[in-house]
Participant: 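Sending over a structure as structure tokens; questions will come in a sec.
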Protein chains: 2
Amino acid sequence: MELSERKKKILRAIVDSYIRTAEPVGSKSIAAMPDMNFSSATIRNEMAELTSMGYLEQPHTSAGRVPSPAGYRLYVDELMRNYRLSIDETQSLNQALEAKMQDFGDVISQVGKLVSQLTNLPAYAVASPQGKVSVKRFDLIMAESNSFILVILTSTEAVQNKLIRLPLEVSEQDLKLLSAVLNASLTDLTVDEITSEVLSRITRSAGPAASLVPIIIEFTVHVLQEQQHSDVYLTGQVKLLGQPEYQDVSKAKQLLSTLDEEMIAHLPEVISPDSKTQILVGPEHIAQELKDTSVVMTRFDIGDGMQGMIGVVGPTRMDYAQITARLSYFAENLGRLFGKHELPPPSQKEEE
Amino acid sequence: MELSERKKKILRAIVDSYIRTAEPVGSKSIAAMPDMNFSSATIRNEMAELTSMGYLEQPHTSAGRVPSPAGYRLYVDELMRNYRLSIDETQSLNQALEAKMQDFGDVISQVGKLVSQLTNLPAYAVASPQGKVSVKRFDLIMAESNSFILVILTSTEAVQNKLIRLPLEVSEQDLKLLSAVLNASLTDLTVDEITSEVLSRITRSAGPAASLVPIIIEFTVHVLQEQQHSDVYLTGQVKLLGQPEYQDVSKAKQLLSTLDEEMIAHLPEVISPDSKTQILVGPEHIAQELKDTSVVMTRFDIGDGMQGMIGVVGPTRMDYAQITARLSYFAENLGRLFGKHELPPPSQKEEE
DNA sequence: AATGGCACTCTCGATTTGAGAGTGCCATGA
DNA sequence: TCATGGCACTCTCAAATCGAGAGTGCCATT
């Protein structure tokens with residue numbers, strides 16, 4: 001059932017105020033706002049109703065009201081006013097972006113740091129492959145007489161390599177052959193498609209270097225698995241300690257303990273695939289410990305069969321309007337940068 | 001001037017007790033210990049002297065005594081009893097080590113996590129190159145018609161690579177030539193030795209592919225700089241919140257804000273090059289914010305021109321004996337593992 | 001239906017109080 | 001001369017008390 005306009009107005013005012021002050025808000029302070037043409041008594045009545053409808057909560061009799069999760073949900077979905085970035089903001093945002101992104105280094109972590117800095121909250125950045133990853137190309141390079149380098153180019157345009165010491169004498173010719181066999185039989189296969197059947201076929205035709213096949217396969221599978229996984233970078237957790245809701249150390253500790261990369265990795269499971277920016281309010285998502293917490297996240301374009309996502313974790317009470325605005329702006333420009341500069345995609349980060 | 005045996009005994013008892021309980025310790029509780037054949041009054045006198053000598057401090061008149069930094073220093077240098085690892089401990093330590101280290105992936109971060117888990121404190125792991133890093137070998141691999149892969153093998157045995165799109169048509173022959181030139185002129189040079197003179201020489205002899213030289217050089221320099229840098233991994237910061245000294249959020253926040261990778265990177269500067277395990281007590285080191293904090297660190301062998309270091313950050317009040325013992329044991333076995341299994345050294349971690 | 005008024009509730013900070021822990025020092029005794 | 005028992009004194013900490021302030025719910029009035 002729809003809320004009356006007046007109720008909406010009041011609910012919005014309450015959430016706004018609570019977001020600013022982190023204090024329960026009372027009828028009087030609402031009535032005192034310009035633009036509120038009702039007496040505090042009227043507002044009290046409305047607030048009582050909003051409470052019984054589940055949009056507000058009362059920490060105790062005779063304290064002000066606090067938005068409930070449902071209240072927040074309604075707020076972000078319908079009530080929230082758009083936040084317009086000021087010129088200053090867009091400028092400093094652009095600057096930061098330009099400055100950091102020129103740099104080499106692990107892009108995904110740079111992005112994460114930037115978002116955290118920008119919002120003054122913990123932030124994360126994720127790069128995950130769209131669809132299944134396969135190997136596009138193998139190269140075996142003789143390094144020294146007793147070792148060679150295995151280089152794998154994946155469908156996500158990532159290059160991974162490994163220095164392998166030879167267990168036996170193998171000539172450059174033998175490696176060439178093996179390389180050809182690999183490229184013929186093992187490319188374009190996803191990790192699930194690498195069956196024992198495929199394996200034995202390769203081994204049979206690999207010639208003198210057949211003994212290397214298991215090592216190579218192991219590494220290949222590892223690379224594919226790793227590439228298939230999302231690359232998660234989380235930073236700025238400490239910023240939560242600045243928020244009034246985490247002045248209690250044990251609460252803070254509990255939250256910070258669950259707030260790790262692994263937890264973030266589960267987030268994509270809950271998001272709906274169509275919407276761009278998404279807000280998860282409190283108990284809506286996975287971990288119990290996050291019940292006073294919200295997550296704002298948005299996608300960005302990253303190219304090369306990869307998908308990017310950035311997000312911010314904060315108290316349910318955070319400034320959704322502002323955060324959402326900044327995040328979307330950031331994501332947009334990030335997409336532009338990736339398109340324009342042909343930056344190395346984060347998938348090229350390697351761990352071996 | 002030397003302390004009397006009795007003073008040492010008392011000081012040791014006080015530090016031991018304070019480490020266990022985090023409470024100021026009074027004369028009575030010391031006197032009550034078995035093995036203390038003096039009355040509380042005697043101990044009071046001794047404590048008064050120890051205090052005026054600077055080894056103890058009093059939070060306020062009529063509280064117990066607390067070790068001062070000087071007191072800790074003396075304790076770790078002379079008084080501390082060796083902690084013997086129990087069979088159980090060595091076993092679970094070995095197990096954890098075996099289990100984690102089999103795994104591929106970024107070794108340095110695995111080590112860090114393990115140490116943190118093992119000590120229940122924030123821990124870090126660092127891999128830094130011994131001496132100057134240079135390039136050992138270049139390879140240029142034609143990938144597709146319009147791009148190639150640049151592979152660099154450094155003196156730290158790290159393999160780094162980058163997919164480079166060709167700005168113009170270049171034949172495989174041209175790349176071969178360029179590769180030969182690079183290997184002839186640019187190997188074994190440290191980053192400082194890559195002068196503009198060297199550059200122009202290379203460019204002159206590079207043939208049709210000369211236009212690629214700047215890109216390659218840029219990447220090379222970047223790789224060398226990155227390899228020259230220590231690779232730092234820090235984890236488990238949140239564990240500090242479990243310690244009684246950080247129940248005050250603002251203190252905790254302050255500390256956690258300074259405790260980042262960058263801070264850790266400065267640690268090696270303060271350690272003396274000869275000793276293996278080292279303990280930094282409170283104000284002895286860099287940052288003001290760390291004054292109630294200690295660091296225990298130790299080296300480990302990592303091979304391939306790299307040096308490893310692991311360390312633990314904790315309250316000054318931490319159990320030095322235990323931590324030191326575990327850390328050294330860990331470091332030893334780590335060294336053994338690196339030697340034995342020929343694990344990929346952490347320097348092979350790559351970020352591009 | 002909106003409002004002014006009022007009694008009632010609950011929290012929070014300030015203040016008080018007493019118990020407990022610990023000290024410093026002195027007089028005593030080996 | 002050094003260790004010890006005793007004692008008065010200090011300081012903290014937790015619990016108890018108290019009053020102000022904020023906010024509510026409801027009722028009578030407009």
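These numbers come from the heavy atoms of this one structure, side chains and all, not from hydrogens, waters or symmetry mates. The sequence lines fix the lettering, A, B, ..., with proteins before strands; numbering per chain opens at 1. In this text, all values refer to a predicted model and were calculated from it rather than measured experimentally.
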Participant: Under a plain distance cut-off of 3.5 Å, with no hydrogens placed, do A:S27 and A:S40 share a side-chain donor-acceptor pair?
Facilitator: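 Note: A:S40 and A:S27 side chains miss the donor-acceptor criterion.
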
Participant: Distances under 3.5 Å between protein N/O atoms and the N/O atoms of nucleotides 9-20 of chain D, please, pair by pair.
Facilitator:
from   : atom 1 : to    : atom 2 : distance (Å)
D:dT10 : O2     : B:S62 : OG     : 2.9

Participant: Apply salt bridge (Lys or Arg N to Asp or Glu O under 4.0 Å) to A:D35 and list each qualifying residue two or more places apart in sequence or on a separate chain.
Facilitator: A:K9

Participant: Rounding to an integer number of Å, can you tell me how far A:R6 CZ sits from C:dA2 C1'?
Facilitator: 8 Å

Participant: By a strict heavy-atom criterion of less than 4.0 Å, which residues belonging to residues 242-251 of chain A are in contact with DNA chain C?
Facilitator: none

Participant: Atom NZ of A:K251 and atom CD of A:E289: how far apart are they, to the nearest 0.5 Å?
Facilitator: 13.0 Å

Participant: Please identify each residue that fulfils side-chain hydrogen bond (donor to acceptor under 3.5 Å, both in side chains) with A:S92, with sequence neighbours left out.
Facilitator: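 If we apply the side-chain hydrogen bond (donor to acceptor under 3.5 Å, both in side chains) test to A:S92, skipping adjacent residues, there are no hits.
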
Participant: I need the CG-P distance between A:N45 and C:dG5, as an integer number of Å.
Facilitator: 16 Å

Participant: Just to confirm, is there a sub-4.0 Å distance from OP1 or OP2 of D:dT4 to any side-chain nitrogen or oxygen of B:R44?
Facilitator: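 Indeed not, no polar side-chain atom of B:R44 lies that close.
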
Participant: Whole Å only: how far is the CD atom of A:E46 from the C1' atom of D:dG25?
Facilitator: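 One finds 15 Å between C1' of D:dG25 and CD of A:E46, rounded.
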
Participant: Treating B:R317 as the side-chain partner and B:I19 as the backbone partner, does any N or O pair qualify as donor plus acceptor under 3.5 Å?
Facilitator: yes

Participant: Can you list the residues that meet the side-chain hydrogen bond (donor to acceptor under 3.5 Å, both in side chains) rule with B:R326, with sequence neighbours excluded?
Facilitator: B:E89

Participant: For DNA chain D, which residues of residues 28-41 of chain B approach it to below 4.0 angstrom with any heavy atom?
Facilitator: B:N37, B:F38, B:S39, B:A41

Participant: Atom CG of A:L56 and atom P of D:dT24: how far apart are they, to the nearest Å?
Facilitator: 10 Å

Participant: Tell me which nucleotide among C:dT23, D:dG25, C:dA2 gets nearest to the side chain of A:T42.
Facilitator: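 The listed nucleotide nearest to A:T42's side chain is C:dA2.
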
Participant: Should A:R73 and A:D77 count as an ion pair when the cut-off is N to O under 4.0 Å?
Facilitator: yes

Participant: Reckon A:R65 has a side-chain N or O less than 4.0 Å from the OP1 or OP2 of D:dA22?
Facilitator: no

Participant: Calculate the interatomic distance between A:E23 atom CD and C:dC10 atom C1'; express it in whole Å.
Facilitator: 15 Å

Participant: Are any side-chain N or O atoms of A:S328 and backbone N or O atoms of A:T324, one a donor and one an acceptor, separated by less than 3.5 Å?
Facilitator: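 Side chain of A:S328 to backbone of A:T324, a donor-acceptor pair under 3.5 Å: yes, one is there.
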
